[in-house]
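Excluded from the calculations below are hydrogen atoms, water molecules and symmetry mates; all remaining heavy atoms, backbone and side chain alike, are included.
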Amino acid sequence: MRSILLAVICLVGVGVAQSPSARPISAFDQALIEQEQQFLRDAMNKNEAAVEHAVADDFQGIGANGDFYDKGELVENVEAMPKETRAYDFRVAKLNDAAAVVAYDLIVPGERVRYRHIADTWAKIGGRWQLKFSQITPNVWSANDLD
């Protein structure tokens, strides 16, 4: 259960921010970044209904420890999410007009490994964006960081 909690924690962001970039952000990219940021806010605010609505029924995730988790496990663990988590440096890789990967960096204070890269795959299903897949990659260089 702890591995699921750590995976769910990684889907949260308090200081949801976007790093400055040299090129303007396309409308498509901006829409996906806003979708991700809203999802993170809903998770932080422990809004299980909104999180459940945003996640596809066949969602799969891979946590920081390498374990798989599904939609039910993600939604079930929303209550345990800390508000101090910070997400930043959002990037979008457009796959087509109805799918994209939103990648960002995450800091989870108090957890080891606290610095992580997240890659969330979003798909437009029935006219709305839904989270289909998430992968958490820990930055092992931060494993011994102290808060």
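Closest non-hydrogen pair, Ala64 versus Pro138, comes out as O-CG, 3.7 Å. Across all non-hydrogen atoms, the minimal contact from Glu79 to Glu48 is CG-OE2, 3.4 Å.
Side-chain contact between Trp122 and Val101 is absent, with no heavy atoms from C-beta onward closer than 4.5 Å. The shortest distance between side-chain heavy atoms of Tyr88 and Ile107 falls below 4.5 Å. Proximity of Leu106 to Tyr115: side-chain heavy atoms (C-beta onward) are nowhere separated by under 4.5 Å. Side-chain atoms of Glu34 and Gln30, non-hydrogen and from C-beta on, do get closer than 4.5 Å to each other. Proximity of Ile136 to Ile62: side-chain heavy atoms (C-beta onward) are nowhere separated by under 4.5 Å. In this structure, Ile118 and Gln135 have side chains that are not in contact, with every pair of non-hydrogen atoms separated by 4.5 Å or more. A 4.5 Å side-chain heavy-atom check between Asp70 and Gln60 finds at least one atom pair inside the cut-off. The side-chain heavy atoms of Asn139 and His117, taken from C-beta on, include a pair separated by under 4.5 Å.
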**Asked** Does the pair Val55 and Gln130 meet the rule for a side-chain contact (heavy atoms from CB on, under 4.5 Å), with working shown?
**Response** CA-CA 5 Å; Val55 177; Gln130 288 193 291; over 6 Å; no
**Request:** Evaluate the criterion salt bridge (charged side-chain N to carboxylate O under 4.0 Å, His left out) for residue pair Asp58 and Lys132; output intermediate values, then yes/no.
**Result:** CA-CA 7 Å; Asp58 60 347; Lys132 291 280 284 182; 2.7 Å; yes
**Request:** Go through Phe39 and Arg41 one step at a time and tell me if the side-chain contact (heavy atoms from CB on, under 4.5 Å) criterion holds.
**Result:** CA-CA 5 Å; Phe39 177 77; Arg41 281 190 296 275; over 6 Å; no
**Prompt:** What do the steps show when you test Asp89 against Tyr104 for side-chain contact (heavy atoms from CB on, under 4.5 Å), and what is the final call?
**Reply:** CA-CA 5 Å; Asp89 197 16; Tyr104 57 97; 5.8 Å; no
**Asked** What's the verdict on salt bridge (charged side-chain N to carboxylate O under 4.0 Å, His left out) for Asp105 and Arg116, showing C-alpha distance, side-chain angles and the deciding distance?
**Response** CA-CA 6 Å; Asp105 292 321; Arg116 302 159 190 198; over 6 Å; no
**side-chain contact (heavy atoms from CB on, under 4.5 Å) between Phe90 and Leu32, intermediate numbers included** = CA-CA 10 Å; Phe90 290 85; Leu32 266 296; over 6 Å; no
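Partner of Val102 under the side chain to side chain contact (heavy atoms under 4.5 Å, CB included) criterion, out of Val92, Thr121, Leu131, Asp29: Val92 alone.
Formation of a donor-acceptor pair under 3.5 Å by the Asp67 side chain with backbone atoms of Gly63 is not found in this model. Judged by distance alone, the side chain of Arg128 and the main-chain N or O of His53 form a donor-acceptor pair under 3.5 Å. Side-chain atoms of Lys124 do not come within 3.5 Å of backbone N or O of Ala99 as any donor-acceptor pair.
The distance from the OG atom of Ser134 to the OH atom of Tyr69 is 4.0 Å, given to the nearest 0.5 Å. Atom CD of Gln37 and atom CG of Leu40 lie 7.5 Å apart (nearest 0.5 Å).
Asn77 and Glu73 are not linked by any side-chain donor-acceptor pair at a separation below 3.5 angstrom, with hydrogens and angles left out of the test.
Under the ring-ring contact (aromatic ring centres under 6.0 Å, His included) criterion, Phe28 pairs with Trp129, not counting sequence neighbours.
For Asn45, the CG atom sits in a packed shell: over 12 heavy atoms of surrounding residues, nucleotides or ligands are nearer than 6.0 Å.
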